[in-house]
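Notes follow once the structure below has been shown.
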Amino acid sequence: MLDAKFVRDNADEVRAALAARDYSWDIDGFLALDATRRELIGAVETLQARRNEASKAIGALMKSGERDQAEAAKDEVRRINDEIGAIESRTTEADAQTREMLLTIPNMPDASVPCGSDESENVEVRRWGTPPEFAFEPKAHWDLGPELGVIDFERGVKLAKSRFVVLGREGARLTRALISFMLDTHGQRGYREWWVPALANAETLTATGQLPKFEDDLFKTGEGLYLIPTAEVQLTNLHRDEVLEASDLPLDYTAYTPCFREEAGSAGRDTRGMIRVHQFDKVELVKFATPETSMDALEAMAADAEHILQQLGLAYRTVVLCTGDMGFAAAKTYDIEVWLPSYNDFKEISSCSNCTDFQARRAGIKYRSPGEFRGSRFVHTLNGSGLAVGRTLVAVLENYQRTDGSVEVPEVLRPYLGGQTEIRPHV
RNA sequence: GGAGAGGUGGCAGAGUGGUUGAAUGCGGCGGUCUCGAAAACCGUUAGGCGGGUUACCCCCGUCUCGAGGGUUCGAAUCCCUCCCUCUCCGCCA
């Protein structure tokens, strides 16, 4: 959410930002609404001031026993109240409409973000490792997984529906190993680990920006709760409506959760394999930082996510998303893309964003810094995958496959698999 | 699921219809003291919105004591509905 005052005072900049995102939002309608709203507020408050004054006078008149005058004043106040009532409903409505509109405007892109309309205009900022060269035709995980008995697509469909998978044997164990490895590694690098609910209420999802605009992407329960699409939602909301101390910042959090996505708008994309499924595992990173340090914090977060890939020996590249490809809440986003032989290309495995004060304003997350400034200010929130576990499993299987159909286990994961060094087909 | 208690400022905790946005304590900030610090003492310290001014400070008004509605000239204080927390009982793990 942007501040109404900011939109009002920086209309041209906001217009440019919306254009850069190719996002349609009725800024002229908003400005008109905002003007009406302020006019109504002025009218109501003037009347309220008169009412308060008169009521105070009534108290005094009653004390001094001047009943007749008091009764006359009461009539006056009743009249004012009628007037207030007439305007107030319009004010309330204008307020609600204003908030509604503000909830649907995306964040302002950071000045350093390249302008562009879609992912083809994202800019690569660095590359690490070398994609493996195979002396044989490498298999895609949708063949390799079932052959090894570690991914079962048919049974995923049987148990739930299409785009759900079942993992067996080393598929299940490797998933658990990856989760532990990622959490342990981030923990050693200063992140505090959490365990959070997999369901969230509407207020929580509104605070991080999934609602009200993107309800179709979420699974909803009969209780009005939603399955979380990412742990970002819960980790960020941990501090909703709180005032943090500047001396405690930055706060670096991590959590493993399952993630659930309806993927309503993605029919036909990545239909093969387990790249895009309704339920997947993810280890998430979230930071709360001061405005002055949040961009540095974003760099650090991306480095932490990349560190996992480096440890796993998986080639990747990091791109900065252009304005047209960025998410709703983000001011700047790095996507980290791992090399996948099946795609013969890099594929997103982590997305790290600085949401600046966009979520903090919705969520009421502020910080205080006595001596530096009075009162409190909104913090900056950041989130990133560290990493998407399912896609990491895929990357390991595909990149570490050998000519005999077996898969080597990356060094760092072996302690988590009881020393196992390879995965072989089960006959 | 049943019964009871409660939701107040950064935190703790007073306050049952009239200058109460709100005592007191803690914490924070400023000051006195000190070489410096601690202690002590003095002062100060909620947020949203609108307007004036707009770089900042500041000033005025208004709303906010879980949420929404009602009673009243006037509500943190009375009434209703909802949400949440706690305690006990039941049930389940």
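These numbers were taken from a predicted model, which means no experiment stands behind them. Letters A, B, ... mirror the listed sequences (proteins, then strands); counts begin at 1.
In this entry the distance linking CD1 of A:Ile365 with P of B:G10 reads 16 Å, nearest Å. B:G28 atom C1' lies 13 Å from atom CZ of A:Phe373, rounded to whole Å. The CG-C1' distance, from A:Leu244 to B:G27, rounds to 16 Å in whole Å. One can place CD1 of A:Ile80 at 17 Å from P of B:U72, the figure rounded to the nearest angstrom. The nearest whole Å value for the distance from the CZ atom in A:Arg377 to the P atom in B:G10 is 17 Å.
Looking at A:Ile275 and A:Arg391, their side chains come closer than 4.5 Å, going by heavy atoms from C-beta outward. At least one side-chain heavy atom of A:Pro229 sits under 4.5 Å from a side-chain heavy atom of A:Leu218. Counting heavy atoms from C-beta outward, A:Thr257 and A:Gln234 have side chains that stay 4.5 Å or more apart. Residues A:Leu312 and A:Thr392 are in side-chain contact: their nearest non-hydrogen atoms beyond the backbone lie under 4.5 Å apart.
Across B:U19 and B:A38, the matching P atoms stand 40 Å from one another, rounded to whole Å. Using atom P as the reference point in both B:A22 and B:U34, the two lie 37 Å apart (nearest Å). Taking atom C1' on both B:C11 and B:C63, the two are 25 Å apart, rounded to the nearest angstrom. Rounded to whole Å, the separation between the C1' atoms of B:G13 and B:U24 comes to 8 Å. Look at the P atom in both B:C57 and B:G68: the space between them is 30 Å, to the nearest Å. Spacing between B:G4 and B:U8 at atom P, rounded to whole Å, works out to 22 Å. B:G48 and B:C83 are spaced 30 Å apart, taking the P atom of each and rounding to whole Å. Separation of the C1' atoms belonging to B:C80 and B:U71 is 11 Å when rounded to the nearest angstrom.
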Identify all pairs in which a protein N or O lies below 3.5 Å from an N or O of nucleotides 77-80 of chain B, and state each distance.
none

Atom pairs, N/O to N/O, protein against nucleotides 73-76 of chain B, distance under 3.5 Å?
| residue | atom | partner | partner atom | Å |
| --- | --- | --- | --- | --- |
| B:C73 | OP1 | A:Arg78 | NH2 | 2.3 |
| B:C73 | OP2 | A:Arg78 | NE | 3.4 |
| B:C73 | O2' | A:Ser55 | OG | 3.0 |
| B:G74 | OP1 | A:Asn81 | ND2 | 3.0 |

N/O-N/O pairs, protein side and nucleotides 64-69 of chain B side, under 3.5 Å:
none

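The cationic group of A:Arg21 does not satisfy the cation-pi geometry with A:Phe328, failing either the under 6.0 Å distance to the six-membered ring centre or the 45° limit from the ring axis.
Comparing A:Val243 and A:Ser376 against RNA chain B, the residue whose closest nucleotide sits nearer the 5' end is A:Val243. Comparing A:Val44 and A:Arg38, the nucleotide of RNA chain B nearest to each residue sits closer to the 5' end for A:Arg38.
The number of heavy-atom neighbours closer than 6.0 Å to CG of A:Asp26, taken from other residues, nucleotides and ligands shown, is above 12. Taking a 6.0 Å sphere around CD of A:Glu147, one finds it holds more than 12 heavy atoms contributed by other residues, nucleotides or ligands. Counting heavy-atom neighbours within 6.0 Å of A:Glu203 CD, excluding the residue itself, gives a total of 12 or less.
Checking the phosphate oxygens (OP1, OP2) of B:G48, a side-chain nitrogen or oxygen of A:Lys366 falls inside 4.0 Å. The phosphate of B:G50 (OP1 or OP2) has a side-chain N or O of A:Lys5 nearer than 4.0 angstrom. A:Asn52 has a side-chain polar atom (N or O) that falls below the 4.0 Å cut-off from OP1 or OP2 of B:C63.
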Evaluate the criterion salt bridge (Lys or Arg N to Asp or Glu O under 4.0 Å) for residue pair A:Glu215 and A:Lys220; output intermediate values, then yes/no.
CA-CA 9 Å; A:Glu215 182 167 19; A:Lys220 188 176 187 178; 3.4 Å; yes
Verdict with reasoning, A:Arg79 to A:Glu76, per salt bridge (Lys or Arg N to Asp or Glu O under 4.0 Å)
CA-CA 5 Å; A:Arg79 231 200 60 241; A:Glu76 167 73 5; 2.8 Å; yes
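Ion pairing between A:Asp95 and A:Arg37 holds under the 4.0 Å rule for side-chain N and carboxylate O. At a threshold of 4.0 Å, the pair A:Asp184-A:Arg189 does not count as salt-bridged, since none of the basic side-chain nitrogens sits closer than that to a carboxylate oxygen. No salt bridge links A:Arg15 with A:Glu13; every basic N to acidic carboxylate O contact stays at or beyond 4.0 Å.
Aromatic rings of A:Phe219 and A:Tyr226 (six-membered ring for Trp) have centroids beyond the 6.0 Å cut-off, not under it. The six-membered or imidazole ring of A:Phe30 lies near that of A:Trp25, with a centre-to-centre distance under 6.0 Å. Separation of the A:His239 and A:Phe288 ring centroids falls under the 6.0 Å cut-off.
Paired with A:Ser353 under the rule side chain to side chain donor-acceptor pair (under 3.5 Å), one option of A:Asp335, A:Thr333, A:Asn383, A:Thr381 passes, and it is A:Thr333.
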Only Watson-Crick and G-U wobble pairs with both distances less than 3.5 Å should count. Give RNA chain B in dot-bracket notation, marking inter-strand partners with |.
((((((((.[[[..)..(.....]]]((((((.......))))))(((((((.....))))))).[[[[[..)....]]]]])))))))....
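Ring geometry for A:Tyr367 versus A:Phe373: interplanar angle over 60°, hence perpendicular rather than tilted (30 to 60°).
Taking every heavy atom of both residues into account, A:Ala305 and A:Ser350 meet most closely at CB-OG, 3.8 Å.
Heavy-atom distances under 4.0 Å link RNA chain B to no residue of residues 91-107 of chain A. Listed in residue order, the members of residues 8-16 of chain A having a heavy atom less than 4.0 Å from RNA chain B are A:Arg8.
In this structure, the separation between CZ on A:Arg361 and NZ on A:Lys366 is 9.5 Å, given to the nearest 0.5 Å.
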